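All remarks here apply to the structure that follows.
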Number of protein chains: 2
Amino acid sequence: MQNNKVTIHDIAKSLNLDSSTVSRALNDSPRVIQKTKDIVLAKATEMGYQRNHLASSLRKNKTNTLGVIVPRISRHFFSSVISGIEETAYEAGYTVIICQSLEQFNREKKIVNTLMGQRVDGVLMSISMETKDYKHLEVLKKQGIQLVFFDRHCDIPNYSNVLIDDFKGGFEATEHLILKGCKNIAHFSGPQNLEIYKNRFNGYKHALSKHGLPFIEEFVFPSKLMEEDGRKNSEKLLALPNPIDGLFSANDVAAIGAMKYLTSKGVKIPEDIAIVGFSNEPISTVINPALTTINQPGIEMGKAATELLLKHIAKENGALDSQTIIMDSNLIERQSSKK
Amino acid sequence: MQNNKVTIHDIAKSLNLDSSTVSRALNDSPRVIQKTKDIVLAKATEMGYQRNHLASSLRKNKTNTLGVIVPRISRHFFSSVISGIEETAYEAGYTVIICQSLEQFNREKKIVNTLMGQRVDGVLMSISMETKDYKHLEVLKKQGIQLVFFDRHCDIPNYSNVLIDDFKGGFEATEHLILKGCKNIAHFSGPQNLEIYKNRFNGYKHALSKHGLPFIEEFVFPSKLMEEDGRKNSEKLLALPNPIDGLFSANDVAAIGAMKYLTSKGVKIPEDIAIVGFSNEPISTVINPALTTINQPGIEMGKAATELLLKHIAKENGALDSQTIIMDSNLIERQSSKK
DNA sequence: CTGTTAGCGCCTTCAT
DNA sequence: ATGAAGGCGCTAACAG
């Protein structure tokens, strides 16, 4: 293996130029005549030159690299967001490093350190469920690395957030069920230390009260984003004295577990129990059109968050104020209930 | 924003040491006494030092970074593979840069260039469907960057591959249907320029012949990994003179389209038509237990491919022979057909 | 055991 | 319009 490392010096030598001229030519600087640029470019291609980003970044103190931290890449919502991030970043000449926290605080801390070591220019993150301490994030800011949160709200001051309107989503999900004629609507909630699940829950309560339905504590089942929760909760749900006719699940995984269990018990969806779930996995809805979903615009969120981050990076010294962008979710009903 | 860039020189100065000693201490070199190491480490932490990987990589001519190229990150199979890659890479002290080709040859070329610019130590890739020309990959080798293919076979000589035994999978899928009593088994095939789909198709044919069933050309429907294909093919399938009672789909997306269409036409699955599909999306099988799947071990594949790549990197000059690792898929039946 | 020196490849003043 | 020189932060010879 012959390490074919062509440098600007090699090009310079073979053209009887100085490396600085070559550098300028390759960077399309106005301080080099067009003819020279052409010659340099041709030679560079001929020799198979590849700019060494390490050296360039080191010198410029700018890597044109963004770090992305998500809980799990395999969750469809997050991979959609990443697609959006990548696209916007790519267009702006940035490379993206993707990391998974696996919802573990310790991994998150380590990742932040790694990204700092890599000297990323900015970080986009969806904070892990375990994270309650934010010291590791303050270090980032100290190092001058911009940080934007997406999907999961983080209320440390002076950071930008790009979020989905979960209250509205929860409200619309519940109202949809009410308008379909449901009277006893259960709720599978998510971890209440996360804003998004709190907000969905509040949307649920608000819809009930707006339509004059009572809020019944027993209709609320906590869930930890596991299918198992969906099954167990459904079991309890069927055992309730009042028969449930509607269900709003704040997370799709529990909704899937619920559908599986309920169907196996002969419950017809949506005839007997109509279900609306926040959805990250479009596949689930493709396969089972009976599940109405609150759809989350992952790609758009990724783009919005990246644009915002890039603005922060550009104004690094101009101190761009932190801001919060709220994106709309939308309810998708594929198969209408007969109610 | 105060750029808190602490360097080894800063540490050295504040301790009246030389930067090289600090460097050695931070790298836990045996050439520094333990006491000095302790002092340096303490000071580094105190000052909030973060090693600059750019400088280190530039100097060592090694980035400890791997590039990964997949067609789409949102396909569950690929995100599983990536999880496996990340885990193994992480343990070995490597960072991973993930890129999506979106099945586009031009994007793939660009990505390869970007990764070369980033001076990754190695690349793991699943080649795009469009790619038929491999010049961009030969450049990698010329630069001394190791390359390992996974999932999608690439038959340029001297590269390692980590693959799934698609012939076996296709065979087992078809044999499963035969043993269930199916006599007229259709096949939704994938793009035949990709080895994996050719092999699945061959497995299908081999199972038929082994069990004395005729191979019927009309039972084979080409598909391009789109749901739409699954629907259209199903329509044609129902119009066949011989009634089909089994279907082996080489890709899950078409299988999903098929299930959707067939169910909407009142066809019972698996009673009327039993279906087995190669599956990348576990969710689909969770929701619809009627679909028997050939499951692909994504995480394991990612780990295996990464281990192999790291071996190649370690022996860069020792010239490790290229090799092919074949991983087993496994058939998962969740709901038994009544046949 | 620690210090000195040099240079990885690039960019950027400053000079010509 | 180009050249010369220095340095980004780190490591690896080679001293001592």
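Within every chain, numbering begins at 1; the chains are lettered A, B, ... in the order of the sequence lines, protein sequences first and strands thereafter. The model shown is predicted, which means the values in this text are computed figures rather than measured ones.
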Tabulated below should be each protein N or O lying under 3.5 Å from an N or O of nucleotides 7-9 of chain D; please produce it.
from	atom 1	to	atom 2	distance (Å)
dG9(D)	N2	Ala55(B)	O	3.3

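- Under a 3.5 Å cut-off, the side chain of Ser128(B) and the backbone N or O of Pro71(B) do not form any donor-acceptor pair.
- Rounded to a whole Å, the CG atom of Asn64(A) is 14 Å from the C1' atom of dC10(C).
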Could you pull out the protein-nucleic contacts involving nucleotides 13-16 of chain C (nitrogen or oxygen on both sides, under 3.5 Å)?
from	atom 1	to	atom 2	distance (Å)
dC14(C)	N4	Arg31(A)	NH2	3.0

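- Rounded to whole Å, the distance from CG on Asn27(A) to P on dG9(C) is 17 Å.
- Side-chain N or O atoms of Arg119(A) include none that pairs as donor or acceptor with a backbone N or O of Asn61(A) at under 3.5 Å.
- When the P atom of dC10(D) is taken as reference, atom NZ of Lys13(B) falls 13 Å away, rounded to whole Å.
- Between the CD1 atom of Ile85(A) and the OG1 atom of Thr306(A) there is a distance of 4.5 Å, given to the nearest 0.5 Å.
- For Lys62(B) and dA12(D), the NZ to P distance is 12 Å, given to the nearest whole Å.
- Under 4.0 Å is where a charged nitrogen must lie from a carboxylate oxygen, and between Lys303(B) and Glu87(B) at least one such pair does.
- Using a 4.0 Å cut-off between a side-chain N of Lys or Arg and a carboxylate O of Asp or Glu, Glu46(B) and Lys43(B) qualify as a salt bridge.
- Seen from the ring of Tyr90(A), Lys110(B) does not count as a face-on cation partner, given the 6.0 Å and 45° thresholds.
- Between the CG atom of Asp18(B) and the P atom of dG16(D) there is a distance of 15 Å, rounded to whole Å.
- Judged purely by distance below 3.5 Å, without hydrogens or angles, the side chains of Thr95(A) and Gln118(B) pair a donor atom with an acceptor atom.
- Rounding to the nearest 0.5 angstrom, the gap separating the OH atom in Tyr134(A) from the CG atom in Leu147(A) is 12.0 Å.
- Contact check, Thr21(B) against dG3(C): a side-chain N or O comes under 4.0 Å of OP1 or OP2.
- Taking CZ from Arg72(A) and OG from Ser80(B), the interatomic distance works out to 10.0 Å, rounded to the nearest 0.5 Å.
- One can place NE2 of His53(A) at 10 Å from P of dC10(C), the figure rounded to the nearest angstrom.
- As judged by a 4.0 angstrom heavy-atom cut-off over every strand, Thr36(B) is placed among residues touching the sugar-phosphate backbone only.
- Looking at heavy-atom distances under 4.0 Å, Asp10(A) makes no contact with the nucleic acid at all.
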